[in-house]
Amino acid sequence: MAKKGLIARLIDGPERSETYARSTLPTNRWELGWDVFKTNLGKLFGLNWLTLVFIIPFFLLLGLRYLNKVDMVSYYPFAQNVSGGYPFFPSTIGLESQMNFALNRQIALFIIVAVLIGSVGISGGFHVMRNMIWAEGVMIGADFWKGVKQNYFVVMFSLLLYSVVMVLSILSVNMASVLIDTHEGIEWFLITMQVISYILMGFITVMTMYMITLGVTYKLKFRNLIRNAFILTIALLPVNIFFAAFASVFFLLIMSGVNLLVMIGVVMVAIWGVSLFMLIWTNYSQWVFDKYVNDKVPGAKKNRGIYKPVGADEDKGGEDLIIEKSKFASKPVKPITDYDVELYELPETFSRKDLQKLEETKEAMRRDSDQYAEEHSADAEAKKPETFEDLLEEEKKSDSENN
């Protein structure tokens, strides 16, 4: 198969790799995040742009709002003109707040379009990032669209809920500003309402980030998704604020208003900013799920993508020693001298068809081995100890006989 071009390698990455040995994995979440970043620079760049394309409408809305405000400043006086001169403007007290309210109300009408389009990029992007954090081989293009298929609606409804709360909060802040400027309300009460609105906007932002990663990781009813995200947001509020800010650092630079910082932020967002946001928040939320959720979810796996030495204490970052009867403990093994089923050998340059043939021969070997085990399940040689204590007892007997 011919070599992939640069763009194809950035978007799709190499052929999906086999799972590597657990001992080669990072041992904690900080190492995992750094390992994913340094070993997937090309994939993160491709994922960044694949996601960014679908959230461009949202940035266009912000740009439109900014241009309208610039236009307002250019054409309207926002201070009371009480002196002589020409032209004479009447009192404009409260005019700026009123125009901000009208502008935000108009922009809000287009939010639903941005959400419907942006949900495509966010659902696919977070799905790919989850697989990277789990140390699974990924092909950016294929896994991105798989994530869209699986997670689009949960992400879309989460973002719609977020948009409704944000729009109502912003409009309430604008309305309070109008009442304050025109002296038509109790000022301290209106300011308090504004502060509460800003707190609500920050809270719903973190909660929505949890809703997205929960929806990508688990199959939940929407009401349970909201409930669990609310609980996690409240329970870990200080840590949530830190990691939300950490993940959004390049976007915060753009909002700083300092020319140099804005330029750095724009460049980084264009290269890796969106991918790094998803990487940091997904990595952090997976730690939260391991600590507070996965023990309550039947069949959920903990510490995916991280190597934890067996027997390490939980306080030291490891897992408790779990000894259980292996499904292979009483399973006969087919002799290796049997060549009825052979493993397909990959050529030096291979395609996905070759990988499919390899997987088919591996599956055939598994079925052949299972059939052999079933046919010889009653053999005396296949009988093994039922518990760990029985195994220790047999080892002691064997040692005493040898001595």
Side-chain angles (χ1 to χ4, degrees), residues 6-7 10 29-31 33-79 96-97 99-100 103-104 107 110-111 114 117-118 121-122 125-126 129 132 162-163 166 169-170 173-174 177 194-195 197-199 201-206 208-209 212 238-284:
L6 173 62
I7 300 301
L10 289 176
R29 287 288 168 187
W30 292 102
E31 289 182 7
W34 173 245
D35 183 70
V36 170
F37 174 71
K38 70 180 182 180
T39 58
N40 295 279
L41 292 177
K43 288 184 178 181
L44 292 176
F45 176 79
L47 180 63
N48 190 78
W49 272 99
L50 194 55
T51 307
L52 199 58
V53 164
F54 291 97
I55 59 178
I56 283 178
F58 175 74
F59 290 119
L60 289 178
L61 283 178
L62 293 181
L64 180 63
R65 181 180 182 276
Y66 174 76
L67 292 176
N68 274 271
K69 293 202 70 172
V70 171
D71 184 70
M72 287 165 52
V73 172
S74 300
Y75 287 95
Y76 295 91
F78 292 116
E96 181 181 8
S97 299
M99 296 188 71
N100 274 332
L103 177 60
N104 289 331
I107 294 295
F110 298 96
I111 287 292
I117 299 174
I122 294 174
F126 271 96
M129 191 55 63
M132 284 187 176
Y162 175 68
S163 300
M166 289 293 289
S169 299
I170 291 173
V173 169
N174 292 151
S177 296
Q194 285 182 317
V195 172
S197 295
Y198 284 122
I199 293 174
M201 284 188 279
F203 182 86
I204 194 64
T205 298
V206 175
T208 303
M209 292 162 64
I212 292 173
V239 187
N240 290 335
I241 293 173
F242 171 78
F243 278 99
F246 184 33
S248 308
V249 62
F250 296 120
F251 297 95
L252 295 177
L253 291 180
I254 296 176
M255 297 169 59
S256 67
V258 180
N259 290 338
L260 178 60
L261 297 181
V262 170
M263 186 180 301
I264 293 173
V266 170
V267 171
M268 290 306 300
V269 167
I271 300 174
W272 289 308
V274 178
S275 291
L276 287 177
F277 173 84
M278 294 188 293
L279 169 60
I280 294 170
W281 185 258
T282 300
N283 193 23
Y284 165 65

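Here the structure is a predicted model, which is why all the values come from computation and not from measurement.
Between Ala244 and Val206, the closest heavy-atom pair is CB-CG2, 4.2 Å. The nearest pair of heavy atoms linking Val173 to Ser197 is CG2-CB, 3.6 Å. Counting all heavy atoms, side chain and backbone alike, Leu253 lies closest to Gly265 at CB-CA, 4.1 Å.
For the ring pair (Phe, Tyr, Trp, His ring centres under 6.0 Å) test, no residue two or more places apart in sequence or in another chain qualifies with Phe58. Remark: Met268 pairs with Phe250, Ile264, Trp272 by the side-chain contact (heavy atoms from CB on, under 4.5 Å) rule, at least two apart or across chains. Legend: residues meeting side-chain contact (heavy atoms from CB on, under 4.5 Å) with Ile55, ordered by chain and number and at least two apart, are Leu52, Phe59, Ile122, Val274. Asn240 meets the side-chain hydrogen bond (donor to acceptor under 3.5 Å, both in side chains) test with Tyr210, Tyr284; sequence neighbours excluded. When the side-chain contact (heavy atoms from CB on, under 4.5 Å) test is applied to Ile117, the partners found at least two apart in sequence or on another chain are Phe54, Pro57, Val113. For Ser256, there are no side-chain hydrogen bond (donor to acceptor under 3.5 Å, both in side chains) partners two or more places apart in sequence or in a different chain. Remark: Thr208 engages no residue in a side-chain hydrogen bond (donor to acceptor under 3.5 Å, both in side chains) (not counting sequence neighbours). For the side-chain contact (heavy atoms from CB on, under 4.5 Å) test, residues two or more places apart in sequence or in another chain that qualify with Ile56 are Leu60.
You'll find the side chain of Leu47 reaches within 4.5 Å of the side chain of Met278, heavy atoms only. Put simply, the side chain of Ser275 does not reach to within 4.5 Å of the side chain of Lys43, judged on heavy atoms. Two residues are said to be in side-chain contact when any heavy atoms from C-beta on lie closer than 4.5 Å; Met132 and Leu44 meet this criterion. Contact annotation: the side chain of Ser248 approaches that of Phe277 to within less than 4.5 Å [non-hydrogen atoms, C-beta and beyond]. Met201 places a side-chain heavy atom less than 4.5 Å from the side chain of Tyr198. Using a 4.5 Å heavy-atom cutoff, the side chains of Val239 and Phe243 are in contact. Looking only at side-chain heavy atoms (C-beta outward), Ile254 and Val269 come within less than 4.5 Å of each other.
Leu279 contributes atom CG, which lies 9.0 Å from atom CG of Asn40 (distance to the nearest 0.5 angstrom). Of the inter-residue distances, the one linking Thr51 atom OG1 with Met129 atom CE reads 8.0 Å to the nearest 0.5 angstrom. Here CD1 of Ile199 is found 14.0 Å from CD1 of Ile204. Values are rounded to the nearest 0.5 Å. Atom OH of Tyr162 is separated from atom CD1 of Ile212 by 9.5 Å, given to the nearest 0.5 angstrom. To the nearest 0.5 Å, atoms CG (Asn283) and CH2 (Trp34) are separated by 13.5 Å. Annotation: the span from Leu252 atom CG to Phe246 atom CZ amounts to 12.0 Å, rounded to 0.5 Å.
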